[in-house]
Structure formats: structure tokens, C-alpha cells
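Here is the structure we will look at, set down as C-alpha cells.
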Amino acid sequence: MRSGQARLAIDYGSADTTAVLAWPDGTWTPLLFDGEPALPSAVLLSEDGTTVTGHHAWRAAPVTPHRFIPHPRQPSEQRLTVADTDVDPLDLVAATLRHVAEQAHQLAGTGIDDVRLVVPAGWGPRRRTWMRHAAHRAGLPPPQLIDAPTAVAGHLLATGLQLPVGAYIAVCDVGATAEVSVLRRGPAGFEVLATLADPTAGGTAIDDALTTTLTTSPPGADGQRWALTASLRAGKHALTDHPAVTVPLPDGPAVVLHTGLLDQAAQPVLHRIAHLTTEAITAAELTPRDLTGVYCVGGTARLPLLAQTLTDAGITPTLVDQPTLAAARGAADAGATNTTDPTTTEEPVPPVRRAAAIALPGFASLALVSQFLLTPEWRGSLMYREAILNWGELTMAAVFAVIACLSAGTVLASTIANRTTTPTSPGIHTGTGILAAASLGVAVSGMYAVVGSLYIGYPVNSFLRWTLLPITPTITAAAVMALIAARQWRTPAGGWSKLLAFPTSSVITAAAGMLLIQYSLTADRWPHLLLWIDLAGRVGGLLLGIGTVMAVVSQPILRLILSAPLAVITAALVSWPASGILGAIYAIAVTTWWLRQMWTHLLRPHHPHRPPQ
């Protein structure tokens, strides 16, 4: 069982219902009903007053057809008569939702307080209130209602779609019916510009057309009708994996259903869907060229002929991965980490911790560069003096300067946002702040090299080699992060402040170690202090090795295991010739940390769907 409160998202459609459970760590799993991710929304009222739902309702329909309701989702004011009894459709919808809730509780192993319901974008307040009443009657907590196209758009962002603020998309939702919506991504989320629905342009209409194509006469009884419909539904779904299937008929021999017959029956319906899509785009005062993409979801969207029909109409469609679950997935992510906008996913960082993340590496950098400049070892005569320098100390000063500047990247982004009067994407602010921070780090490192060259009186080339080269990989990683933030390809969990926060424990330990090393190399060698000075250098080497491991490894046990051998090696290396090597080792560790952060949180393929544990 996972830890944390699960979220339940339900996409209750007129023909099928899908649902997913999502957890705070980003994992999710679909609910399965008789081994299938789609639960038929149909219900059957038995003679004893109980309600049979899902696949069981379809199996019982041929026996008691007068008690079978294939599409319980009715207008809020409508009443139904079933077996000469008035029935409130609200009770029928609640029965299906109750079935979903029971399955979710069984899978989660605990109560669920966060429920989201997907509703068509064209629904008004009356139908939305009606759906809330159905959820309450099913025993669910008060749900959050999310428009279907908005949920799909959120799912697209969560799966890595590059969609900048201001872009337009269309969502073609084709299940039992059809609804096409045009959306614009704004700074605070998605805005539905236009939505058109047609209950006669979907899977139900295709099923009716198939019935007419495959049978010479309509079924003589309701029982035969539902048995035939169930067979055709199963055969139509099987055609996604097979070129032809055998479909049994309740009043005659079995027939062979192949893709040609399906295309023949579906073609008029799909042409209506293409026309509906064109009308929705026109209603939004746009053209197909203005759209970043047209994304198809729903069970009927799997038909290959739909893509061809839309293409012939001048529209380039994209079939969303797992189209029947896309809306439920997006609804589950709504308001969760790393789904929509960077400003809504940023975890608040305590001011003291943020100040420490900037100040500690900054002061460590100043302390190291000051000691580097004030304690060179001079050898030779007055006219031919040679300065023996601890290049590793200068390298670490430059590395800490870059760390301090990048830790301030999100602060710079906030400042840029506050001074911007025009509406701009928050991701652009973050990317600009990171890039500005990286540039500041390069400038400070270059200044260290120039000041050192002037103060020591040596050519600047060596100083630049030991300041700019070690920070180049980190600056490159920061530039990639700035691009990702500006284009909003992905937002790290916890926000950019958390991603850019280098471990301060490593900074303190490594800086103290290098300060002790330099002290041991340059202190006056009084006979009675020689042992203590050497001991200080070895301790500094130990601290530098421990700080290096702390930068690379985060698990306490691994830190303990790896610190011992590396600390012994760095302590043994303490000497003038090896001082540059010690600084380079730590610079490599810092580069490794940045590359790991970038890979783990930004570049690694995101596969949140894992089976329950």
C-alpha cells in the first residue's frame, strides 16, 4: 500500500465510465472492472429493487430488457419509467458511481476524501449541481468538477507536451457522443473558447449503423436488440487488434465483421465529427493553422478512419495515448504537483533556509578566495620570486560562487516578474532568472581570476583555467534548465527553488576542509607546532572528502559507506602538488550533482503508471 492520501478521478460518460487513483508521489493506476478499464454506465433494475451495474447489467439485458437502461445520464429534469415504475436517473448514476467508489476503496485500502468528476464543458450550473447530488447519493465526498477538455489538456502537459502560454489547442472527445472544444493556455490555466456537442455523432450512432449494415431486419424484441448491440460493441473493440472478427447474431448465423464494414458504417458519423471540429474552431474565431494541435480522446477516437477524415478536412489530428483514460488522468492531476503552471507547483521555502542556501556558499566563496590571495607560498630570491598557489582553493571559490548565484535564481525570477508590466509566462521569468544567475556566477568567477592575476602579478591564463573551466559543465546544465523552464516542458516536483538548492552540509564541510588544508600548507613550521599543523591538514582532507560524498550521494547510509575510503584518499593527497587535484575532485562532484538533478527531475522519461503495491 502506498503512503499518502489518494485522489480519485472519475470520467462518467454516457456509455462508459473510467476512473483512476493517483497518489502524491505522482504514481497512478486505473480502476479495473471485470479486468477492463472501462465500466459500462448502463444499469439494470432487478425485480427485487436492487440495481445491477456495468458488465453484469449488459449480460442481464437480454433476459429482462424492459428493466435495462443503457444510458442513465439524462437531463436533470427528466424522469424515467422502468417496468411501469417511475425512476429518478439520479439514483441510476449514483449506482454506477457507488460501484466505482467501492472499487477505489478496495484498491486504496483507505478512505478517499479527494474526488474529481469530469463533466462536459457545455454543461451549465443545473447539470453540474445534478452531478454533485449524484456523487453525494453515492456516498462520495463533495467532488471537484473539472471540464473534460481542460482535464485532457492538463494530461497532455503532464505527459510532456510543449505548450507555451498563449497557445491554442482543440480537444475532440469522441465516445458514445461527440464534443469538440477549443482551448487557450493562459498564465493561470486553460480557458475554453468554444465547445460544440452532438449526441448523434459518436459510438452509439456507429453501433446503430452497424446494426443496419449487418442485419436484414431490426431485432424483433428488445432482448435481441441488446444482445445484438453487446455483440457489435465487443466486435468493434476487437477490430483495434484484429483485421476481422466473428460476431454472433441472436436471431441468425454469425457474421464476419471487418474493418471495411466498420469504416462503411462509421464514415457518415466521422464526417459529422470533422464538420463539428471545423465549426468549433470557427466559433473560437480561429483557423486550423492557429492551433498547436488537435487531440482526439475517447473510445471512438481509436478508429483509424477518424484521423483520415479530419486530415481530409484540413485538420491534423493526434491520438492521445490511452485515449479513454486521458480525461480521468488529467482530472487526477488537477491541482497536484507538476501538472500545469510553475507558479502553482512551487513549494514554499522557509526564508531562513533560502537565505542560508544563498549566503553559506557565498561566504564560503569569499573566505576561500581571500585566503588564496593572502597566503601564497613565495620561493626564490627577491628578483626571481615564484608564488606557489593552491589552485584547488581558487577552483572551489569559483564553484561556490556559481552555487550561490544559482540558488538565488528563483529570487531573481520573482524580481523580474514583479518589474514586468506585461502578462508573461511565469516559466519565462524562471528561465530568465536562472540564466541571469548563471551569468552572474560566471562573471564573479572571472572577476576572481582577474583580481588574482593583478594581485599576484601572474598572467591571467592560469587563473581563468582554474576558475572558468571547472564551472563550465554546471553552467551548461543551468542553461538547459533555463530553456526547460522558459519553454515549460517540465516543472520539477517542489518547484525550481527546491531543485536549485545545493546541499549546504556539503558546502560547509568542504569549505572548512579546504581552509584547513591551505592553513596547513602555509602556516609557520615551528617545531613544536609541526604535528598539529600536519594534523590540521589531514583533518581538512578528511572533511573535503566527506563534503565531496555529501554532494554526490543523498542517502545517509551510502554517505557513511563512501565517505570513509574517499576521505582517507583526500587526506593522503594533502600537499602542494596535489592541491589542484583536491579542488578538481570537488568540482567534479558538484557537476555530478547538477547533472543528476537535471536528469532525475527534468530529463528522465516520466512513467508514473505503476501497478499497486
If you take all heavy atoms of [X] and [Y], which pair is closest and at what distance?
| X | Y | answer |
| --- | --- | --- |
| Leu8 | Ala19 | CD1-CB, 4.3 Å |
| Ala201 | Ala178 | O-CB, 2.7 Å |
| Ser14 | Pro72 | O-CD, 4.5 Å |
| Ala121 | Ser181 | CB-OG, 4.1 Å |
| Leu325 | Pro30 | CD1-CB, 3.9 Å |
| Leu21 | Trp23 | O-CZ3, 3.4 Å |

Return the [atom1] to [atom2] distance between [X] and [Y], rounded to the nearest 0.5 Å.
| X | Y | atom1 | atom2 | answer |
| --- | --- | --- | --- | --- |
| Thr18 | Asp11 | OG1 | CG | 4.0 Å |
| Leu39 | Asp16 | CG | CG | 8.0 Å |
| Thr200 | Ile273 | OG1 | CD1 | 9.5 Å |
| His56 | Asp34 | NE2 | CG | 4.5 Å |
| Leu145 | Arg132 | CG | CZ | 4.0 Å |
| His105 | Ile112 | NE2 | CD1 | 4.5 Å |

No-hydrogen, no-angle side-chain donor-acceptor test under 3.5 Å, [X] and [Y]:
| X | Y | value |
| --- | --- | --- |
| Gln103 | His99 | no |
| Asp290 | Thr287 | yes |
| Thr96 | Thr53 | no |

Taking the side chain as every heavy atom from C-beta outward, state whether [X] and [Y] have any atom pair closer than 4.5 Å.
| X | Y | value |
| --- | --- | --- |
| Thr292 | Leu161 | no |
| Leu92 | Leu45 | yes |
| Pro37 | Leu31 | no |
| Phe190 | Pro149 | no |
| His275 | Asp198 | no |
| Glu179 | Thr195 | yes |
| Leu156 | Leu163 | no |
| His55 | Pro40 | yes |

Between Phe33 and Thr17, is the side chain to side chain contact (heavy atoms under 4.5 Å, CB included) condition met? List the steps. CA-CA 10 Å; Phe33 308 92; Thr17 298; over 6 Å; no
Are the side chain of [X] and the backbone of [Y] linked by a donor-acceptor contact shorter than 3.5 Å?
| X | Y | result |
| --- | --- | --- |
| Thr309 | Leu305 | yes |
| Arg116 | Gly330 | no |
| Arg7 | Ala332 | yes |
| Arg73 | Val93 | no |
| Thr300 | Gly175 | yes |
| Thr159 | His155 | yes |

Which is it for Ile315 and Ile281 under the side chain to side chain contact (heavy atoms under 4.5 Å, CB included) test, yes or no, and what are the steps along the way? CA-CA 10 Å; Ile315 300 168; Ile281 296 172; 4.3 Å; yes
Using a strict threshold of under 4.0 Å (side-chain N to carboxylate O), is an ion pair present between Asp321 and Arg329?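 No, Arg329 and Asp321 are not salt-bridged.
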Is the shortest distance from a Lys or Arg side-chain nitrogen in Arg128 or Asp147 to a carboxylate oxygen in the other one below 4.0 Å?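 Result for this pair is yes, salt bridge flagged.
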Does the side chain to side chain contact (heavy atoms under 4.5 Å, CB included) test come out yes or no for Gln308 and Leu270, once each step is laid out? CA-CA 10 Å; Gln308 183 60 48; Leu270 300 183; over 6 Å; no
Determine, step by step, whether Leu261 and Gln264 satisfy the side chain to side chain contact (heavy atoms under 4.5 Å, CB included) criterion, reporting the C-alpha distance in whole Å, the side-chain angles of both residues, the deciding distance to 0.1 Å, and the verdict. CA-CA 5 Å; Leu261 286 175; Gln264 178 184 348; 4.0 Å; yes
Checking His136 now: which residues fulfil side chain to side chain contact (heavy atoms under 4.5 Å, CB included) with it, not counting sequence neighbours?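 Testing His136 for side chain to side chain contact (heavy atoms under 4.5 Å, CB included), a comparison that skips the adjacent residues, returns none.
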